[in-house]
Number of protein chains: 2
Amino acid sequence: MSLSPVAKEMSIPVIKTACSNCNLRELCLPFGLSEEEMARLDELINVRKRVKRGEHLYRAGQPFESIFAIRSGFFKTDVLLEDGRDQVTGFQMAGELLGLDGISTEQHSCNAVALEDSEVCHIPFSRLEQLSREIQTLQHHFHKVMSREIVRDHGVMMLLGTMRAEERLAAFLLNLSQRFTARGFSHSEFNLRMTREEIGSYLGLKLETVSRAFSRFQEEGLIAVQQKHIRILDIPGLKQIMSHHNH
Amino acid sequence: MSLSPVAKEMSIPVIKTACSNCNLRELCLPFGLSEEEMARLDELINVRKRVKRGEHLYRAGQPFESIFAIRSGFFKTDVLLEDGRDQVTGFQMAGELLGLDGISTEQHSCNAVALEDSEVCHIPFSRLEQLSREIQTLQHHFHKVMSREIVRDHGVMMLLGTMRAEERLAAFLLNLSQRFTARGFSHSEFNLRMTREEIGSYLGLKLETVSRAFSRFQEEGLIAVQQKHIRILDIPGLKQIMSHHNH
DNA sequence: CCTTGCGGTTGACATGGATCAAACCCCCCG
DNA sequence: CGGGGGGTTTGATCCATGTCAACCGCAAGG
C-alpha cells in the first residue's frame with residue numbers, strides 16, 4: 001500500500017470523522033442537508049488529517065484529488081511567482097474549504113500552510129461530484145461556496161486596487177472579527193495567527209506599514225494591540241476608517 | 001406574459017441560438033460534450049440577447065437567475081462600494097461566462113456592461129444545475145470554469161499586491177494578447193475596447209499612469225499605440241518587464 | 001542567567017505613482 | 001467647415017508607502 005505524495009511527504013496522521021455530528025455543519029459543506037443526506041456525505045468524508053503548525057497541506061503543482069474542509073485551526077494560502085515574488089491569497093479558518101483552485105487544472109495552484117495545529121476533513125473531489133449529482137441541495141450549496149469564493153476575491157481586489165494602507169487594515173480586522181463571531185468566538189478579542197509580514201503580503205503592504213497602521217489605530221483608541229493579541233475597541237471607528245474615502 | 005426585470009429595463013432583443021453549431025463551443029460550456037449531450041444543452045440555452053455598447057447586461061443587486069455566455073462582443077464587470085469607490089473586476093470576451101458571482105447570494109454582486117455591441121447566450125442556472133446532475137462531463141467542466149475564475153482572480157490579486165505599474169500593464173497586454181490568440185485573432189494587433197480609465201481601474205492605477213506606461217513602452221519599442229489600437233512588437237520584452245522584479 | 005534569533009516597532013529618507021493642470025487629438029454633430 | 005466634448009497625453013509637484021537601518025522584547029535553548 002502506497003501513501004499519497006502529500007501524506008508521504010508530510011506524514012500527516014489520519015483520523016475518522018463524521019459531518020453529522022460536527023459542530024461546524026452549519027458553516028461547512030453539509031449546510032442544508034437532511035439527516036439522510038448527511039449520512040451519505042459522511043460515507044464520503046471519512047478521513048480527517050492533522051496538520052501541524054508550519055506544515056503544508058498541499059503545494060502548488062501537486063496533483064489535485066481532493067478538497068479539504070477545515071475542522072479546526074487556521075491556514076494561509078499563497079502563490080509563488082517564477083521571479084520569486086509571492087503573495088498570501090487568503091487566510092482560512094474552521095468551516096471553510098481549501099483547494100477549490102485546483103479543480104481547474106487538476107493541479108493545486110497555490111500552497112496551503114497551517115498557521116496553527118489544525119485538522120482538516122479530506123473530501124475526494126470526484127466522489128463529491130458524484131454525490132452532488134445525486135443530492136441537489138449539496139450540489140447547489142457547493143456551487144454557492146465556489147461562487148462565494150469568487151465574490152470574496154473581488155472584495156480583495158477592491159481592497160488592493162482602491163484602498164490605502166489604513167483602510168485595508170481596518171477592512172482586514174473587521175473581516176476577521178466578523179468571521180470569528182460567526183464561529184462563536186469573541187468578536188472583539190482574538191489572537192492573530194499570522195505575522196505582520198503575512199498580513200502585509202495579503203494586503204499588498206510591507207510589514208513596516210502594517211506595524212505602523214496598528215500603532216496608529218492603537219494611538220487613536222480603536223484597538224489594543226499586544227504582539228499577536230488584538231482587542232477591538234471601536235468597531236464603528238474602524239468602519240469609518242475603512243470607508244473614509246475623502247482623502 | 002411579463003418580461004424579466006432585466007429585459008424590461010434594457011429592452012434587449014431576443015434571438016434563437018444553438019451551442020452545437022457555435023464556433024465557440026471549444027472555449028465555452030459545451031467543451032468536451034458528445035453530440036447527444038450538446039443537443040440537450042441546446043434545449044436549455046435557447047435564448048440569445050443582443051446588448052448594445054454601454055448597456056448593462058445586469059446590475060449589482062438584481063436577482064440572479066441565469067449565467068451568460070458571451071457569444072460575441074466584449075464586457076467589463078465592476079463593483080461599486082457604498083462610499084463611491086468602484087473598480088473594474090474583469091474584462092470578458094467571447095466564450096467566457098458572466099454572472100458566476102451571483103450564485104452565492106442569489107443576487108448579482110457586480111455590474112456587467114457591454115463595451116461594444118455584443119451577443120450573449122442566456123443560461124437559466126437552475127436548469128444548468130439540473131442538466132449537470134445528469135451529464136457528468138458538463139458538471140465537471142462547469143466546476144472547472146468556476147475554479148478557473150478563482151485562479152484568475154488570484155492572478156489579479158498577485159498583480160495588484162506585488163507588481164509595479166509597468167509590470168501590471170505588461171501583464172495586462174500579454175493576457176489580452178493570449179486571449180485574442182485563443183480566439184483566432186492576431187496576437188500582436190488588436191483594438192482595446194476599454195478606456196485608459198477602465199484599464200487603470202482594473203489594474204489599480206490612475207489613467208495618467210496607464211497612459212504614461214503606454215508611452216514608455218512605445219518609446220522602448222515594445223508596442224505601437226495609436227489611440228485604442230495596439231500593436232505588440234516585442235512579446236519577450238513585455239514578459240521581461242512583467243517579471244523584472246529586481247527593482 | 002545569558003545568548004541567540006525572530007518578529008515587531010520606530011525613525012529617516014527615497015521614490016513611484018497620485019494629483020493637479022494644461023494642452024492635444026479625434027470624432028461627432030451642427 | 002467649425003465647434004465641442006470625451007478621451008488621452010504630458011508636465012510639475014506632492015505624498016503615501018517603500019526602503020534601509022537601528023533597536024526592542026519575548027521565547028527557546030544552552
List the residues meeting salt bridge (charged side-chain N to carboxylate O under 4.0 Å, His left out) with Glu220(A), not counting sequence neighbours, and say none if there are none. Arg216(A)
What residues, two or more places apart in sequence or in another chain, satisfy side-chain hydrogen bond (donor to acceptor under 3.5 Å, both in side chains) together with His122(A)? Ser66(A)
Applying side-chain hydrogen bond (donor to acceptor under 3.5 Å, both in side chains), can you list everything that pairs with Lys76(A), at least two apart in sequence or on another chain? Glu198(A)
Using whole Å, what does the distance between atom P of nucleotide dT17(D) and atom CZ of Arg164(B) come to? 15 Å
For Arg196(A), all residues meeting salt bridge (charged side-chain N to carboxylate O under 4.0 Å, His left out), sequence neighbours excluded: none
Contacts under 3.5 Å, N or O only, protein and nucleotides 22-26 of chain D:
none

How long is the line joining CD of Glu219(A) and C1' of dT10(C), in whole Å? 11 Å
Is atom NZ of Lys239(A) surrounded by more than 12 heavy atoms (other residues, nucleotides or ligands) closer than 6.0 Å? no
DNA chain C contacts among residues 195-217 of chain A, heavy-atom distance under 4.0 Å: Thr195(A), Arg196(A), Leu207(A), Glu208(A), Ser211(A), Arg212(A), Ser215(A)
Go through the structure and list residues passing salt bridge (charged side-chain N to carboxylate O under 4.0 Å, His left out) with Asp153(B), not counting sequence neighbours. none
With Gln92(A) via side-chain hydrogen bond (donor to acceptor under 3.5 Å, both in side chains) - residues at least two apart: Thr77(A)
I need the CG-P distance between Leu169(A) and dT9(C), as an integer number of Å. 11 Å
Report the distance from atom CG of Leu115(B) to atom P of dG7(D), rounded to the nearest whole Å. 12 Å
Interatomic distance, Gln218(B) CD vs dT9(D) C1' [rounded to whole Å]: 11 Å
Sorted by chain and number, sequence neighbours left out, side-chain contact (heavy atoms from CB on, under 4.5 Å) with Glu197(A) holds for Thr195(A), Leu207(A)
Should Glu119(B) and Arg50(B) count as an ion pair when the cut-off is N to O under 4.0 Å? yes
Rounded off to whole Å, could you give me the CD-to-C1' distance for the Glu166(B) and dT15(C) pair? 14 Å
Provide, to the nearest angstrom, the distance between the NE2 atom belonging to His229(B) and the C1' atom belonging to dC26(C). 16 Å
For Arg152(A), salt bridge (charged side-chain N to carboxylate O under 4.0 Å, His left out) partners two or more places apart: Glu149(A)
Counting only pairs under 3.5 Å, give me each side-chain donor-acceptor contact of residues 176-185 of chain A, with atom names and distances, residues two or more places apart or in other chains.
| residue | atom | partner | partner atom | Å |
| --- | --- | --- | --- | --- |
| Ser177(A) | OG | His187(A) | O | 2.8 |
| Arg179(A) | NE | Glu96(A) | OE2 | 3.2 |
| Arg179(A) | NH1 | Asn175(A) | OD1 | 2.9 |
| Arg179(A) | NH2 | Phe91(A) | O | 2.5 |
| Arg179(A) | NH2 | Glu96(A) | OE1 | 3.0 |
| Thr181(A) | OG1 | Ser177(A) | O | 2.6 |
| Arg183(A) | NE | Ala94(A) | O | 2.6 |
| Arg183(A) | NH1 | Arg179(A) | O | 2.8 |
| Arg183(A) | NH2 | Ala94(A) | O | 3.1 |
| Arg183(A) | NH2 | Glu96(A) | OE2 | 3.3 |

Global bending angle along the helix from dC1(C)-dG30(D) to dG30(C)-dC1(D), which compares the axes of five pairs at either end, to 10 degrees: 30°
